[in-house]
Amino acid sequence: MTLLLHVEFDATSESTATKILESLARMADIVHRDHPKVYTYVFRYGDETKTKLIFTEIYADEQVFLDHGRDAEFGRLLLEAFDTTTGKSRKELCIRSDINSPLSQITASILDNYLHVTYVSLQQGFFHRELIQKREVDLLIVCTGCDQNVYQQLNSLVSCATCVTFEESDANRQLIAVIENISSEKPSMTDKKPSIDAIEIVCSHEETIRKFKDIIDHYFQIQSIHVQTSFSGYIRHKSLS
């Protein structure tokens, strides 16, 4: 019962946002040390104003979600980062493949009463898979306004450890992917490029970003691209592939 959390948070100021990311970086160190089944745990600025933050987290199951926050130092850092003065969430999504299966009482209480998530059903794809080939890149993308052919086209060009599509109530198809390999082969073009309204690329390696941008510019019709090279946490746990 994998859980993917995707949160947009509005901090009260740029300095507050910076302090939140600093605390989250230390929290991520604890999670990475103790919880290899927290597959993705990445936090970053969402726009140029540096007050909007975006969090993307993938947990193998409910127990992993519950266990990752039990460390005393983690709890202290959480309280340091978030209180009534630091800001508020604009959006909190919990994406699940089994949205009709009940969660445990404690998990549901945290998600419903503390995080106030909106549950969204997985439309297409997979939360986690082990790839045969050695990981070459760590790259996270978040796409909004995707047409129905984006998923298939993307997976013909790259190897993903995570690739999911989902729709919120506004029927805006979105895609989140963690990419580990970029193919050197160039498949033939389709008659019409799949369209994406906006794509966020999160990666710390400039050459990887350039290579990926070359591919998406060639195979997709994209209105806007936002690149984030600085982030807290990790895109893919180092113990995986």
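The basis for the numbers below is simple: all heavy atoms, side chains too, and nothing from hydrogens, waters or symmetry mates.
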- Tell me, with the steps shown, if T16 and S13 meet side chain to side chain donor-acceptor pair (under 3.5 Å). CA-CA 5 Å; T16 298; S13 67; 2.9 Å; yes

- Message: Does L66 form a side-chain contact (heavy atoms from CB on, under 4.5 Å) with T107? I'd like the steps, not just the answer.
- Response: CA-CA 7 Å; L66 293 174; T107 303; 3.6 Å; yes

- Query: How far apart are the C-alpha atoms of Y114 and S109, what are their side-chain angles, what is the distance that settles it, and do they pass the side-chain contact (heavy atoms from CB on, under 4.5 Å) test?
  - Reply: CA-CA 7 Å; Y114 178 69; S109 177; over 6 Å; no

- Should C203 and T229 be marked as a side-chain contact (heavy atoms from CB on, under 4.5 Å) after you check the CA-CA gap, both sets of side-chain angles, and the distance that decides it? CA-CA 5 Å; C203 182; T229 58; over 6 Å; no

- Run the salt bridge (Lys or Arg N to Asp or Glu O under 4.0 Å) check on E73 and R76 step by step: do they pass? CA-CA 5 Å; E73 177 66 4; R76 186 189 69 77; 2.8 Å; yes

- Message: Under the criterion side-chain contact (heavy atoms from CB on, under 4.5 Å), I'd like the reasoning laid out for N155 against F126: C-alpha separation, chi angles, the key distance, then a yes or no.
- Response: CA-CA 12 Å; N155 281 279; F126 47 91; 4.1 Å; yes

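In this structure a side-chain-to-backbone donor-acceptor pair under 3.5 Å is missing from E136 to I182. Between the side chain of T56 and the main chain of T40, no donor-acceptor pair closer than 3.5 Å is present. Proximity of a side-chain donor or acceptor of N181 to a complementary backbone N or O of R135 within less than 3.5 Å is not detected. Using a distance-only test at 3.5 Å, with no hydrogens or angles considered, no donor-acceptor pair links the side chain of T162 to the main chain of A177. T2 places a side-chain N or O within donor-acceptor distance of the main-chain N or O of A60, the cut-off being under 3.5 Å. A donor-acceptor contact shorter than 3.5 Å is absent between the side chain of H35 and the backbone of F65. Looking at H218, its side chain never comes within 3.5 Å of a backbone N or O of D214 through a donor-acceptor pair.
Residue Q105 places its CD atom among 12 or fewer non-hydrogen atoms of other residues, nucleotides or ligands, all under 6.0 Å distant. Few gaps surround CD on E8; more than 12 heavy atoms of other groups in view lie less than 6.0 Å from it.
Here the shortest heavy-atom pairing between L131 and S159 reads CD1-CB, 3.9 Å. Of all the heavy atoms in D147 and P194, the pair that sits closest is OD2-CA, 3.3 Å. Here the closest heavy-atom approach between residue S183 and residue I215 is recorded as O-CD1, 4.2 Å. The nearest pair of heavy atoms linking K213 to I201 is CG-CD1, 3.9 Å. Nearest heavy atom pair, residue T86 against residue F9, reads O-CE2, 3.8 Å. Taking each heavy atom of R96 and S101 in turn, the nearest pair found is NH2-O, 2.7 Å.
Using a 4.5 Å cut-off on side-chain heavy atoms (C-beta onward), K211 and V137 make no contact. Between L111 and L5 the shortest side-chain heavy-atom distance falls below 4.5 Å. Residues L78 and M27 form a side-chain contact, since some pair of their non-hydrogen atoms from C-beta on lies under 4.5 Å apart. At least one side-chain heavy atom of L21 sits under 4.5 Å from a side-chain heavy atom of L53. Inter-residue side-chain proximity for L175 and I196 is flagged as unmet; no heavy-atom pair is nearer than 4.5 Å. Q228 places a side-chain heavy atom less than 4.5 Å from the side chain of Y45. No side-chain heavy atom of F82 sits less than 4.5 Å from a side-chain heavy atom of L77. The shortest distance between side-chain heavy atoms of V42 and Y234 does not fall below 4.5 Å.
Between R33 and D29 there is no salt bridge, since none of the side-chain N atoms of the basic residue sits less than 4.0 Å from a carboxylate O of the acidic one. Salt bridge annotation for D138-R236: absent, with no cationic side-chain nitrogen under 4.0 angstrom from a carboxylate oxygen. Salt-bridge check for E14 with K52: failed, with every basic side-chain N at 4.0 Å or more from each acidic carboxylate O. Salt-bridge check for R210 with E207: passed, with a basic side-chain N closer than 4.0 Å to an acidic carboxylate O. Under a 4.0 Å N-O distance rule, the pair K91/E168 qualifies as a salt bridge. Salt bridge absent: K134 and E180 never bring a charged side-chain N and a carboxylate O closer than 4.0 Å.
Linking ILVMFWY side-chain heavy atoms closer than 4.5 Å, directly or via other members, places I54 and V38 in two distinct hydrophobic clusters. Y219 is connected to I179 through a chain of hydrophobic side-chain contacts under 4.5 Å among Ile, Leu, Val, Met, Phe, Trp and Tyr, so both are in one cluster. Note: the hydrophobic cluster containing V7 also contains Y119 (ILVMFWY, side chain heavy atoms under 4.5 Å, direct or indirect links).
A ring-centre distance under 6.0 Å is not found for H237 and Y41. Aromatic rings of H128 and Y39 (six-membered ring for Trp) have centroids within the 6.0 Å cut-off, being under it.
For the 3.5 Å distance criterion, the side chains of E167 and Q174 fail to qualify, holding no donor opposite an acceptor. For the residue pair R173/Q148, the side-chain donor-acceptor check at 3.5 Å is not satisfied. One side chain, Q123 or T165, offers a donor N or O that lies under 3.5 Å from an acceptor on the other. A donor-acceptor contact closer than 3.5 angstrom is absent between the side chains of D67 and Y59.
Summarising the geometry, atom CD belonging to Q221 is positioned 11.5 Å from atom CD1 belonging to I216; distances are rounded to the nearest 0.5 Å. Separating the CD1 atom in I199 from the CD1 atom in I222 is a distance of 5.0 Å, to the nearest 0.5 Å. Atoms CD1 and OG, on I110 and S104 in that order, are 8.0 Å from each other to the nearest 0.5 Å. The line from CG of L140 to CD1 of I235 is 5.5 Å long, rounded to the nearest 0.5 Å. Note that CD of Q124 and SG of C163 are 8.0 Å apart. Values are rounded to the nearest 0.5 Å. Here the CD1-SG distance, from I141 to C143, works out to 4.0 Å after rounding to the nearest 0.5 Å.
Annotation: cation-pi pair K193/F220 absent, no NZ/CZ under 6.0 Å from the ring centroid and within 45° of its normal.
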